[in-house]
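Here the structure comes first, spelled out in structure tokens, and everything after it is commentary.
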Amino acid sequence: MTETTSESLEGTRASLLAELTRDIADQRVLDAMGCVPREEFVPAEAASVAYQNRPLPIGHGQTISQPLMVALMTQALMLTGDERVLEIGTGSGYQAAVLSLLAAHVVSVERVPELAASSTERLGRLGYSNVEVHAVTDELGWPDGAPYDGIIVTAASPDVPRALLDQLAVNGRLVLPVGSRSIQELVRIVKTPEGAQRHNLGSCRFVPLLGRGAWPEPR
Ligand code: SAH
């Protein structure tokens, strides 16, 4: 990368962080967003636009989420640092890297084997050592690592999957987009001893969560 390019990348990174401070109150989340080099998680040809506040294609019909959405979902998990967190939909590994700076341990699962492999390599190379990535097939989540204090689903689900509520600890938070294939509501579920409490956090748009308990697999 030439010096000019890296300088302009720094400029766009600073502007993005300034933009995030308008909507994100949790300083730990802002600090983590400022630490993770998003240009390392997007395809090389998109590196120069890595700090624009928009989703970008990462191959296999999938996208790395918009930075504001990553920050909002992370904030909604209300992490203090000692949690075990499960992410459904590793994709590029960017959201997992942000989580790894805010929780004790992150388990992330991905159904596209090539993305699971590339994100494992990337997270290892960049030194995010408290993240484990698993390629999954049909089962939702990673019950072997349960219970989790936080679960984040970075793909859209038709409803709140029972399998994920089962993997959540009491007082744990589940953050996910729930709705149709084209538009969803970002939802936080808090699992209390009395049952699940639901909070709506605004509308959003994600790629579909596929498989048992979600949308059917494409043929
Ligand atoms: N969090 C990612 C963005 C993920 S896009 C990032 O930071 O880059 C959503 C991802 O969810 C896609 O990679 C898709 O393959 C994956 N996915 C969809 N259904 C899934 C399922 N049932 N289990 C695991 N991953 C799934």
Side-chain angles (χ1 to χ4, degrees), residues 16 29 32-33 35-43 46-47 49-74 76-77 85-103 106-123 126 128 131-146 148 150-164 166-167 174-179 181 184 186 204-218:
L16 173 64
V29 172
M33 295 291 297
C35 280
V36 179
R38 193 168 186 256
E39 70 275 21
E40 297 282 351
F41 293 81
V42 300
V49 295
Y51 292 102
Q52 291 183 6
N53 195 9
R54 58 180 171 108
L56 291 167
I58 55 170
H60 306 276
Q62 307 303 330
T63 55
I64 176 173
S65 307
Q66 180 194 9
L68 176 60
M69 189 50 63
V70 171
L72 283 170
M73 293 181 83
T74 306
L77 285 172
V85 176
L86 170 68
E87 177 191 28
I88 318 294
T90 318
S92 68
Y94 178 75
Q95 171 77 73
V98 171
L99 292 169
S100 80
L101 299 178
L102 296 166
V106 179
V107 177
S108 184
V109 294
E110 171 56 54
R111 66 178 285 281
V112 177
E114 292 87 349
L115 290 175
S118 55
S119 58
T120 301
E121 183 279 323
R122 179 178 294 120
L123 289 162
L126 296 174
Y128 296 100
V131 184
E132 57 181 277
V133 176
H134 299 280
V136 290
T137 48
D138 202 25
E139 191 162 33
L140 209 45
W142 193 254
D144 283 357
Y148 301 97
I151 300 181
I152 178 171
V153 185
T154 63
S157 181
D159 47 33
V160 179
R162 177 81 242 170
L164 295 184
D166 289 345
Q167 292 170 55
L174 165 62
V175 175
L176 80 169
V178 180
R181 269 181 176 262
Q184 306 92 32
L186 184 62
C204 57
R205 188 183 294 250
F206 278 81
V207 295
L209 181 71
L210 299 173
R212 188 151 36 107
W215 295 104
E217 306 269 352

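Counting starts at 1 for both ligands and their atoms, following the listed order. Nothing fancy with the numbering, it's 1 onward along the sequence.
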Among Leu99, Leu174, Val29, find the one that has a side chain to side chain contact (heavy atoms under 4.5 Å, CB included) with Leu77.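 By the side chain to side chain contact (heavy atoms under 4.5 Å, CB included) criterion, Leu77 pairs with just one of Leu99, Leu174, Val29: Leu99.
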For [atom], closest protein heavy-atom neighbour:
| atom | value |
| --- | --- |
| atom 3 (C) of ligand 1 | Thr63 O, 3.3 Å |
| atom 12 (C) of ligand 1 | Gln62 OE1, 3.2 Å |
| atom 23 (N) of ligand 1 | Ile88 CG2, 3.7 Å |
| atom 15 (O) of ligand 1 | Glu110 OE2, 2.6 Å |
| atom 8 (O) of ligand 1 | Ser92 OG, 2.6 Å |
| atom 25 (N) of ligand 1 | Arg111 N, 3.3 Å |

Any idea which part of Pro208 is under 4.0 Å from ligand 1, heavy-atom wise: side chain, backbone, both or neither? backbone
Side chain, backbone, both or neither: which part of Val70 comes within less than 4.0 Å of ligand 1 when only heavy atoms are counted? neither
For [X], the ligand 1 atoms whose distance to one of its heavy atoms is below 4.0 Å:
| X | value |
| --- | --- |
| Leu140 | 22 (N) |
| Ile64 | 8 (O) |
| Tyr94 | 7 (O) |
| Leu115 | 13 (O) |
| Val112 | 15 (O) |
| Val207 | 5 (S), 9 (C) |
| Val136 | 23 (N), 24 (C) |

Heavy atom of Thr90, distance to ligand 1 below 4.0 Å: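 In this structure, Thr90 qualifies as a contact of ligand 1 - some heavy atom is under 4.0 Å.
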State if Glu87 counts as touching ligand 1 under the rule of any non-hydrogen atom under 4.0 Å. yes
Is the Lys NZ or Arg CZ of Arg38 less than 6.0 Å from the centre of Tyr94's six-membered ring, within 45° of the axis? yes
Could you tell me whether [X] and ligand 1 have an N or O pair separated by under 3.5 Å?
| X | answer |
| --- | --- |
| Leu210 | yes |
| Thr154 | yes |
| Gly89 | yes |

Would you say [X] and [Y] make side-chain contact, with heavy atoms under 4.5 Å?
| X | Y | answer |
| --- | --- | --- |
| Leu164 | Pro161 | yes |
| Ser108 | His134 | no |
| Tyr148 | Val107 | yes |
| Val36 | Tyr128 | yes |
| Gln95 | Ser65 | no |
| Phe41 | Leu126 | yes |

Mind checking the [atom1]-[atom2] spacing from [X] to [Y]? Nearest 0.5 Å is all I need.
| X | Y | atom1 | atom2 | value |
| --- | --- | --- | --- | --- |
| Ile151 | Gln167 | CD1 | CD | 5.5 Å |
| Arg111 | Leu115 | CZ | CG | 10.0 Å |
| Ile152 | Ile88 | CD1 | CD1 | 10.0 Å |

Tell me the nearest of Glu139, Gln95, His60, Arg38 to atom 7 (O) of ligand 1, using heavy-atom distances. Gln95
Please answer whether the main-chain N or O of Ser92 pairs with a side-chain N or O of Arg122 as donor and acceptor at a distance below 3.5 Å. yes
Would you say Glu110's side chain and Val133's backbone share a donor-acceptor pair under 3.5 angstrom?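 Not a single qualifying donor-acceptor pair exists.
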